[in-house]
Amino acid sequence: MAKYMLLFFLVLPVYSAVLRKYVLNLTSTYQAPNGFYREMFLINNQHPGPLIEADEGDTISATVFNNLQVPITIHFHGIRQHGTPWMDGTPGVSQRPIFPGESFTYNFTTEGQYGSYWYHAHMRSYYQDGIKGPVYIRPAPDTLRPYDEVTQANTTATGILRAQEINPTPLYIMDWTKLPTDAIYQKTINYGIDPACILGYLINGKGRVTCPSNETITAAGAGRLASFRATTGVQSKFDSLGCLDISALYGNPGIDHAALEAPGYSAPCQATNTDREIFYVNGSDWIMFNVINMGGQFGTHLSIDGHDIWVLQVDGTFIRPLKVKQMYAGLGSRYIIAVPTQKNSGVFAIRFAGTAQAQVTEQIAWLSYNMPTTAQPEDYPVTNDVYQDIGGNLLNAQMPAFIEAAAAPYDERVKPPQGPAQRTIHFTLNRTGMVDFSVMDNGTLMLPDMELMTPSLWAQDVHRTNIVQAGIKIGDVVDLIIDNRYIMSHPMHLHGHTFWVISESNTSFGYPSVEAAIAGGSSTLNLANPPYRDTYTAPSRGHVVFRYVANNAGAWMFHCNVNVHRMAGMGAVILEDREKIIPRIPESVIDF
């Protein structure tokens, strides 16, 4: 025990706010991370980009040099940018794009925030091409931590977790496409095809393509097929990449779906033998992972053969720890997890399965108790402790799985304001055309060329499509009532704030306000201990209600985190006491 406590005190940092400077150099290249060459983007010659790390309260300065042939901005996902909304990195909202050959420096504080975040391009869908990387903020010493509940107050085990908290093991999930995203976007717009499929996942930039049999794919996707038929009346099937044929529902019969590789018409699957990621236990009784879903298409079900998972933190907030066999990692969300590692030897699969109806796809990484080696383990070792199939279906329905609604903050002081909100905004998520997605009740779309407009943070005329002017003032309690009318779930992200998820279900909310829902005895409301998030999934044909305190004057984007949906119009900009911030915006930002 003494050696672990000594380790803890040796690595515990001294917290005094400092300026941490980073340089992000963006370039393009041709690489084959999963065995298929394509153009991709790099940050400092790597993918994903380098870790930006700080202690809670530090100031981060990140200078971006754009050596690409496309414009770029960088959004620091989950960072609230309190008092610096012009550093939010949203083109047409908080800044102008960084054009090829230009540079821009982002400066912001981490005061009041800790945990896992990430940075990514917010222009078009370029982060799926490689412009993304992690941000990690070590919590201050006085932050309440749930480790004793996980270790049953075992001093040695708690010391290990406190030591690993300084630098948790990276586990970054990203979906990967066969074509660059600009090519996919053009196919979407020109031919009305929803690019619902991926070539597979990468884990920390590594992965390979496997080709399960059609029988295996169909068995794992049986629930998807049944749900699709029940919702649409269409009997469908999967192609060799596990991609659901939705052409009968949305496709134009005059389109050559095979030539365009529309969903259900992928080129025949070709297996590759590129390296998978391997995580080595290195003799420790615990391993702490920093899990970030950096994808742009699907959420992910994650499990580790033969191991429990303790979920400790979600979206930068410690939660009441949850012990599960399978966890859900939503698009854009971040999770700190701890895995007890008391095995003696062996290699165990870490499985990542897509959660979307559109595709059955899986990637594998390895948790190894053996000595580091250059040799890759066999593809699918036979063990008795596999918890999910390639579709993410639990093999035993009684196994505990992570439920987002149960992720209540560990610090009981993190509670939503009670009573009525000062402002209520209603959004309706819907598919209004072949490739048109909207958040607005009237179905209007956020225009793609907004990214090149004068940013709405300081534009004189903000009477634009999907600008929400609800009269929000600093100190107001704001409720976002979000009804999802579409068959697909949507991971919704709000910039500049963290919100409480005070209601959700698989049905419409059915009330004009939370106050009316309270009066009507709504059974879905939770104002006592709801999740505290910045990204959260609105269920298919259901609803969510987000409550937050307006404490950050600016112009803040609210959008679906599925990239093609956001690009196809599924977003809005919420103005919050914008007039208070305009006089403070640095001239260097406005004149950029």
statement: Between the OG1 atom in Thr63 and the CG atom in Asn25, the distance rounded to the nearest 0.5 Å is 11.0 Å

Asp411 side chain vs Arg413 backbone, donor-acceptor pair below 3.5 Å: yes

query: Between the main-chain N or O of Gly83 and the side-chain N or O of Arg584, is there a donor-acceptor pair closer than 3.5 Å?
result: yes

query: Which residue pairs pass the salt bridge (Lys or Arg N to Asp or Glu O under 4.0 Å) test when at least one of the two sits in residues 74-89, sequence neighbours left out?
result: none

- prompt: Step by step, would you call Gln31 with Leu42 a side-chain contact (heavy atoms from CB on, under 4.5 Å)?
  reply: CA-CA 10 Å; Gln31 289 186 6; Leu42 303 178; 3.8 Å; yes

task: Give a yes or no on whether Glu587 atom CD has more than 12 heavy-atom contacts from other residues, nucleotides or ligands under 6.0 Å away.
output: no

statement: Tested for side-chain hydrogen bond (donor to acceptor under 3.5 Å, both in side chains) against Gln128, the lone hit among Thr181, Asn563, Thr177 is Asn563

message: Go through it in stages, so that I can follow the logic: the residues are Trp118 and Lys132, the test is side-chain contact (heavy atoms from CB on, under 4.5 Å), and I'd like the CA-CA distance, side-chain angles, deciding distance and then a yes or no.
response: CA-CA 7 Å; Trp118 62 302; Lys132 53 184 175 282; 4.1 Å; yes

- prompt: Below 6.0 angstrom between ring centroids: does that apply to Tyr127 and Tyr119?
  reply: no

task: Assess whether salt bridge (charged side-chain N to carboxylate O under 4.0 Å, His left out) is satisfied between Glu56 and Arg138, documenting all intermediate values.
output: CA-CA 6 Å; Glu56 185 176 344; Arg138 289 176 284 270; over 6 Å; no

message: Just checking Tyr136 against Tyr117, ring centres under 6.0 Å apart?
response: no

message: According to salt bridge (Lys or Arg N to Asp or Glu O under 4.0 Å), who are the partners of Lys187, at least two apart in sequence or on a separate chain?
response: none

- request: Please answer whether the main-chain N or O of Met488 pairs with a side-chain N or O of Asn484 as donor and acceptor at a distance below 3.5 Å.
  value: yes

query: Ignoring hydrogens and geometry, is there a side-chain-to-backbone donor-acceptor pair from Ser333 to Ala329 under 3.5 Å?
result: no

- request: Compare every heavy atom of Pro409 with every heavy atom of Thr317, then report the nearest pair and how far apart it is.
  value: CG2-CB, 4.0 Å

message: In terms of relative ring orientation, are Phe76 and Tyr106 parallel, tilted or perpendicular, with 30° and 60° separating the classes?
response: perpendicular

- request: Step by step, work out the side-chain contact (heavy atoms from CB on, under 4.5 Å) result for Leu171 and Asn290.
  value: CA-CA 6 Å; Leu171 199 167; Asn290 177 10; over 6 Å; no

Between His559 and His495, a side-chain donor and acceptor under 3.5 Å: yes

- request: Please report the shortest heavy-atom distance between Gln297 and Asp175, naming the atom on each side.
  value: N-OD2, 2.9 Å

message: A side-chain contact here means heavy atoms from C-beta on lying under 4.5 Å apart; do Glu39 and Ser28 qualify?
response: yes

query: Looking at Ile581 and Pro85, what are the two nearest heavy atoms and their distance?
result: CG1-CG, 3.5 Å

- prompt: Between Tyr532 and Trp500, what is the ring plane arrangement, given parallel below 30°, perpendicular above 60°, and tilted in between?
  reply: tilted

field: Exceeds 12 heavy-atom contacts within 6.0 angstrom, atom CD of Gln69
entry: no

- request: Return the set of residues passing salt bridge (Lys or Arg N to Asp or Glu O under 4.0 Å) with Asp441 (not counting sequence neighbours), or none when no residue passes.
  value: none

- line: Separation between CG (Leu494) and OG1 (Thr535), nearest 0.5 Å, reads 9.0 Å

- prompt: Under 3.5 Å, is there a donor-acceptor pair between the Asn293 and Tyr172 side chains?
  reply: no

message: Surrounding CD of Gln469 (heavy atoms of other residues, nucleotides or ligands, distance under 6.0 Å), is the total greater than 12?
response: yes

query: Mind checking what makes salt bridge (Lys or Arg N to Asp or Glu O under 4.0 Å) contact with Arg578, not counting sequence neighbours?
result: none

- line: Contacts satisfying salt bridge (Lys or Arg N to Asp or Glu O under 4.0 Å) that involve residues 19-29 (not counting sequence neighbours) are Arg20-Asp55, Arg20-Asp58

- request: Go through the side-chain N and O atoms of Ser438 and Asn430 and say whether any donor and acceptor fall under 3.5 Å apart.
  value: no

message: For Gly78, is there any backbone N or O sitting under 3.5 Å from a side-chain donor or acceptor partner on Gln113?
response: yes

field: Minimum-distance pair of heavy atoms, taken over all atoms of Val70 and Asn66
entry: O-ND2, 2.9 Å

- request: If a pair satisfies salt bridge (Lys or Arg N to Asp or Glu O under 4.0 Å) and one of its residues is in residues 450-474, list it, with sequence neighbours excluded.
  value: Glu451-Arg566, Lys473-Asp577

- request: Give a yes or no answer on whether the side chain of Asn526 reaches the backbone of Ile502 with a donor-acceptor pair at less than 3.5 Å.
  value: no

- prompt: Is there a donor-acceptor contact under 3.5 Å from the side chain of Glu102 to the main chain of Phe65?
  reply: no

task: Please indicate whether Ile189 has more than 12 foreign heavy atoms, meaning atoms of other residues, nucleotides or ligands, lying under 6.0 Å from its CD1.
output: yes

Gln81 side chain vs Ile79 backbone, donor-acceptor pair below 3.5 Å: no

field: Result of checking Tyr536, Tyr548, Phe499, Phe427 against Phe558 for ring-ring contact (aromatic ring centres under 6.0 Å, His included)
entry: Phe427

query: Salt bridge between Arg431 and Asp436, side-chain N to carboxylate O under 4.0 Å?
result: no

message: If only side-chain N and O atoms count, and only distance matters, is there a donor-acceptor pair under 3.5 Å linking Thr537 with Tyr328?
response: yes

- request: Keeping the roles fixed (side chain from Asp476, backbone from Val478), state whether a donor-acceptor pair exists under 3.5 Å.
  value: no

message: Could you go through His543 and His426, starting from their C-alpha distance and side-chain angles, then the distance that decides it, and tell me whether this counts as ring-ring contact (aromatic ring centres under 6.0 Å, His included)?
response: CA-CA 11 Å; His543 83 272; His426 193 276; 9.9 Å; no

field: Donor + acceptor pair across side chains of Thr109, His82 (<3.5 Å)
entry: no

field: Thr27 side chain to Asn67 side chain, donor-acceptor N/O pair below 3.5 angstrom
entry: no

- line: Smallest heavy-atom separation, Pro168 atom then Phe289 atom, equals CB-C, 4.3 Å

task: Measure centre to centre between the rings of Trp176 and His47, then say whether the value is under 6.0 Å.
output: yes

- prompt: Is a side-chain donor-acceptor pair under 3.5 Å present for Ser540 with His490?
  reply: no

message: Using a 3.5 Å distance criterion without hydrogens, assess whether the side chain of Thr300 forms a donor-acceptor pair with backbone atoms of Phe352.
response: no

message: Between Asp534 and Thr498, is the side chain to side chain donor-acceptor pair (under 3.5 Å) condition met? List the steps.
response: CA-CA 5 Å; Asp534 57 65; Thr498 308; 4.9 Å; no

query: Have Ser513 and Thr424 got a donor and an acceptor in their side chains that come within less than 3.5 Å?
result: no

